[in-house]
Amino acid sequence: MVTRKPILAGNWKMNKTPAEAVEFVRALRPKVTPYPQVETVVCPPFVALPAVADALRGVKIGVGAQNMHWAENGAYTGEVSAAMLAGLAGYVIIGHSERRQFFAETDEGVNKKLKAVLAHGLVPIVCVGEDLAQNEAGVTDSFVSGQVRAALAGLSASQATGVVIAYEPIWAIGTGKTATSEVANRVCGLVVRGAVAGLYGEQVAQTIRIQYGGSANEKNIGELMAMPDIDGALIGGASLKVDAFAEMVRITAEQR
Ligand code: 13P
């Protein structure tokens, strides 16, 4: 049996100034460093990345960006490339549903970004997930597996192995409505891991890490992490509070 290191990532979205971000990670540091068995990552806004990276130098807490552009450089006003992030961040969130919904990101763009992230040696966290209408129409499985296949198109098996996929049902994001751990586990396992197995075989599928995201917090993380196909969480609201986020790391560590 393959053991997959649990990964908890805080997606701060458009929250915290650089000064607030530094204050947060300074407070977080002593609370999570006793748990090296959990890969803990914070994803602040772009402008806070240099200060957070500085504050965490030599500390085993990962730093991630929330987005990036696929091009190396060029006439893309307002965008940031993987080359610019390398050195500041070790992870990049790609294709978050809020990017897809509010900034018209497509599966094709997600695929291009994924290739650029991997080319720079960063760890991609690729988000997939259905909305409420799709969920109620019963098309979750086909939609989510289609998103996984589109994101990974053209990647080799060894590239795919390094990808983290976050299953975030849109109806559960910021709503306080979590998918039950059984439902989350079914989609993470059967649908997401199943799609990876269809592309690369069972060994890659068993190696790849799959997070759940959507109103994950310190109360439900234990139940979610007890599920065999859930390898971590991508956390929004609860990751903005030092104690809640640290408690999630502690609970995860003590379960493994
Ligand atoms: P919440 O945890 O606030 O529901 O956000 C989830 C999310 O979108 C993380 O990327």
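All residue numbers refer to positions in the sequence shown, counting from 1. Both counts, for ligands and for their atoms, begin at 1 and track the order of listing.
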Asn11 neighbourhood, listing ligand 1 atoms whose heavy-atom distance to it stays under 4.0 Å
9 (C), 10 (O)
More than 12 non-hydrogen atoms from neighbouring residues, nucleotides or ligands closer than 6.0 Å to CD on Gln37, yes or no?
yes
Note the single closest protein heavy atom to atom 5 (O) of ligand 1, along with its residue, its atom name and the distance in Å.
Lys13 NZ, 3.2 Å
Does an N or O anywhere in Thr175 fall below 3.5 Å from an N or O of ligand 1?
no
Compute the minimum heavy-atom distance from Ala238 to ligand 1 and say whether it is under 4.0 Å.
no
Nearest to atom 7 (C) of ligand 1, what protein heavy atom do you find, and at what distance?
Glu168 OE2, 3.1 Å
Check whether more than 12 heavy atoms from other residues, nucleotides or ligands sit under 6.0 Å from atom CD of Glu254, and answer yes or no.
yes
So among Val123, Val117, Val164, which one has a side-chain contact (heavy atoms from CB on, under 4.5 Å) with Tyr91?
Val123
Which of the atoms of ligand 1 are close to Gly214, meaning less than 4.0 Å from one of its heavy atoms?
4 (O), 6 (C)
Per-atom filter on ligand 1: closer than 4.0 angstrom to a heavy atom of Gly174 are 1 (P), 3 (O), 4 (O)
Decide whether the shortest distance between a heavy atom of Gly213 and an atom of ligand 1 is less than 4.0 Å.
no
Do Tyr167 and Glu130 pass the side-chain hydrogen bond (donor to acceptor under 3.5 Å, both in side chains) test, and can you show the C-alpha distance, the side-chain angles, and the key distance before you say yes or no?
CA-CA 9 Å; Tyr167 167 58; Glu130 83 287 2; 2.9 Å; yes
Answer yes or no: are there more than 12 heavy-atom neighbours, outside Glu79 itself, under 6.0 Å from its atom CD?
yes
Identify the closest protein heavy atom to atom 2 (O) of ligand 1: which residue and atom is it, and at what distance?
Gly236 N, 2.9 Å
Which of the numbered atoms in ligand 1 are under 4.0 angstrom from any heavy atom belonging to Ser215?
1 (P), 2 (O), 4 (O)
More than 12 heavy atoms of other residues, nucleotides or ligands under 6.0 Å from CZ of Arg250: is that the case?
yes
Can you classify the ring geometry of Phe245 versus Phe24 as parallel (below 30°), tilted (30 to 60°) or perpendicular (above 60°)?
tilted
Run the contact test for Ala172 against ligand 1 with a 4.0 Å cut-off on heavy atoms, strictly below, and give the result.
yes
Would you mind listing which atoms of ligand 1 come within a distance below 4.0 Å of any non-hydrogen atom of Gly237?
1 (P), 2 (O), 3 (O)
Please say whether more than 12 non-hydrogen atoms of neighbouring residues, nucleotides or ligands are located less than 6.0 Å from NZ in Lys5.
yes
